[in-house]
Amino acid sequence: MHTGMTIGEFSRATHLSIKTLRHYHDVGLLAPADVDQGTGYRYYSVDQVPTAQVIVRLRDLDMPVADVKAVLSAEDVSNRNELIAAHLARLEDRLAQAQSAVESLRDLLARPAHGSHIEYRTVREQAAIGIRDVVDRQDLAGWWQGALGELRGFTTAGRLRTTGPMGGLFATGLLEDERGEALVFVPVDGEVRPVGRIDAVVVPGAELAVAVHRGTLQTIDLTYGDLGTHAARHEIGVDGPLREFYLRSPLDATTEDELVTEVGWPIFRANG
């Protein structure tokens, strides 16, 4: 004689399907209070209803089964709340990313058909200080931000005279192979003694197609797209690193809307 609720009754009481309850039993998330050894029928106690309700809400928040198990087995309320708070923080990050993606898509749909204004420019060789490294694409944003700050601090502390905006050179491998060489630099006047990651560099000259990107760097791919399309249509693209000039960098702007970045695409251009 079994007491408690059949799996069907428990399903109706908790709004968890029989299939889901069987799965939760198999993965060790919510085991029945009793299983008939002869028939294999599962029976649940009424005390398991609140636990099932907690599981429903955590799964509705996309918490993985392993994390739900950790919450249910937490030794105390503090530890349980820390696990839930960590998951909520991850959800908030995902929500922020989704909102940013939605705004970016709206901007793309509303973008004028003609795209960016593109001009040609000859960039001369420049003496500079820089930080150079081989970087994975997924780590580029953090590396880039750190390099900008380090170079700004160095030029300020050394009272160096800058001769142009901060910039960056990025090997094509960063996009094509998700790993490649990156250089962030500041043109300066005079000799500089290397310190730590910072070294004296010579930024090579180049012929560039240039477009200005205004606002968040999350949509800078649109400007790159305009430049790449222009170079392909006019058959003037050449191999070489992509180049950026930070006319108003994150170090100078209070919001992303204030950022101003010139993007340079290497091209072939006859002299004169």
Side-chain angles (χ1 to χ4, degrees), residues 1-110 135-146 149 178-179 215-222 250 253-257 259:
M1 181 71 179
H2 293 281
T3 60
M5 307 170 73
T6 67
I7 192 170
E9 291 170 335
F10 195 73
S11 171
R12 295 192 294 275
T14 61
H15 288 196
L16 288 169
S17 70
I18 291 176
K19 179 180 178 181
T20 298
L21 288 170
R22 287 172 176 162
H23 173 66
Y24 286 172
H25 183 195
D26 291 341
V27 299
L29 179 58
L30 182 60
D34 188 23
V35 178
D36 189 299
Q37 297 302 312
T39 64
Y41 290 166
R42 297 169 172 87
Y43 295 89
Y44 295 81
S45 73
V46 294
D47 294 337
Q48 289 180 289
V49 171
T51 300
Q53 291 169 340
V54 170
I55 291 172
V56 168
R57 280 149 182 80
L58 293 178
R59 293 292 288 150
D60 283 346
L61 290 172
D62 290 333
M63 181 177 281
V65 168
D67 291 350
V68 176
K69 290 171 68 174
V71 169
L72 296 178
S73 61
E75 296 180 356
D76 53 51
V77 173
S78 176
N79 182 242
R80 180 198 67 192
N81 290 344
E82 286 179 3
L83 292 170
I84 294 174
H87 181 69
L88 292 177
R90 290 192 291 270
L91 288 179
E92 289 172 348
D93 288 342
R94 283 164 51 187
L95 178 59
Q97 292 172 5
Q99 289 174 333
S100 177
V102 168
E103 292 172 1
S104 178
L105 179 57
R106 285 175 175 162
D107 290 344
L108 175 59
L109 295 176
V135 186
D136 290 330
R137 183 177 177 182
Q138 64 181 7
D139 301 326
L140 180 60
W143 178 89
W144 173 81
Q145 187 89 32
E178 299 189 359
R179 181 174 174 81
T216 176
L217 298 179
Q218 292 182 354
T219 58
I220 201 169
D221 63 307
L222 302 182
T254 56
T255 68
E256 289 190 337
D257 291 340
L259 299 177

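Both backbone and side-chain heavy atoms feed into the values below; hydrogens, waters and symmetry mates do not. Computed from a predicted structure; not experimentally measured.
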Inset, instruction - Answer yes or no: is there a donor N or O on one side and an acceptor on the other, between the side chain of Gln218 and the main chain of Ala101, under 3.5 Å? - result: no

Legend entry - Leu83 and Arg80, any side-chain heavy atoms less than 4.5 Å apart: no

Inset, instruction - Compare all side-chain heavy atoms of Val54 with those of Leu72 and state whether any distance is below 4.5 angstrom. - result: yes

For residues 136-144, which side-chain donor-acceptor pairs fall under 3.5 Å, sequence neighbours excluded?
{"from": "Asp136", "atom 1": "OD1", "to": "Arg179", "atom 2": "NH1", "distance (Å)": "2.8"}
{"from": "Trp144", "atom 1": "NE1", "to": "Tyr246", "atom 2": "OH", "distance (Å)": "2.9"}

Inset, instruction - Under the side-chain contact (heavy atoms from CB on, under 4.5 Å) rule, collect the residues that match up with Ser73, sequence neighbours excluded. - result: none

Inset, instruction - For Val56 and Thr14, run side chain to side chain contact (heavy atoms under 4.5 Å, CB included): C-alpha distance rounded to whole Å, both residues' side-chain angles, the deciding distance at 0.1 Å, then the answer. - result: CA-CA 8 Å; Val56 168; Thr14 61; 5.5 Å; no

Inset, instruction - Give the minimum heavy-atom separation between Ser45 and Ala33, together with the two atoms involved. - result: N-CB, 3.8 Å

Inset, instruction - Could you tell me which residues satisfy side-chain contact (heavy atoms from CB on, under 4.5 Å) with Leu21, sequence neighbours excluded, listed by chain and number? - result: Ile7, Phe10, Ser11, Leu16, Leu30, Tyr44

Inset, instruction - Kindly state each residue pair satisfying salt bridge (Lys or Arg N to Asp or Glu O under 4.0 Å) with at least one member in residues 60-71, sequence neighbours excluded. - result: Asp62-Arg94, Asp67-Arg90

Legend entry - Heavy-atom closest pair, residues Val35 and Gly40: CG1-O, 3.8 Å

Legend entry - Note, Pro32 side chain near Gln48 side chain (heavy atom, < 4.5 Å): no

Inset, instruction - To the nearest 0.5 angstrom, please state how far the CD atom of Gln97 sits from the CD atom of Glu92. - result: 12.0 Å

Inset, instruction - For the residue pair Met63 and Val71, establish whether any side-chain heavy-atom pair is separated by less than 4.5 Å. - result: yes

Legend entry - Distance (rounded to the nearest 0.5 Å) between Ile55 CD1 and Leu29 CG: 4.0 Å

Legend entry - Residues which pass side-chain contact (heavy atoms from CB on, under 4.5 Å) with Glu9, listed by chain and number, not counting sequence neighbours: Met5, Thr6, Arg12

Inset, instruction - Among residues two or more places apart or on two chains, list those pairs meeting side chain to side chain donor-acceptor pair (under 3.5 Å) that have a residue in residues 17-28. - result: Ser17-Thr20, Tyr24-Arg59, His25-Arg42

Legend entry - Intermediate values then yes/no, side chain to side chain contact (heavy atoms under 4.5 Å, CB included), Leu61 and Leu88: CA-CA 8 Å; Leu61 290 172; Leu88 292 177; 4.0 Å; yes

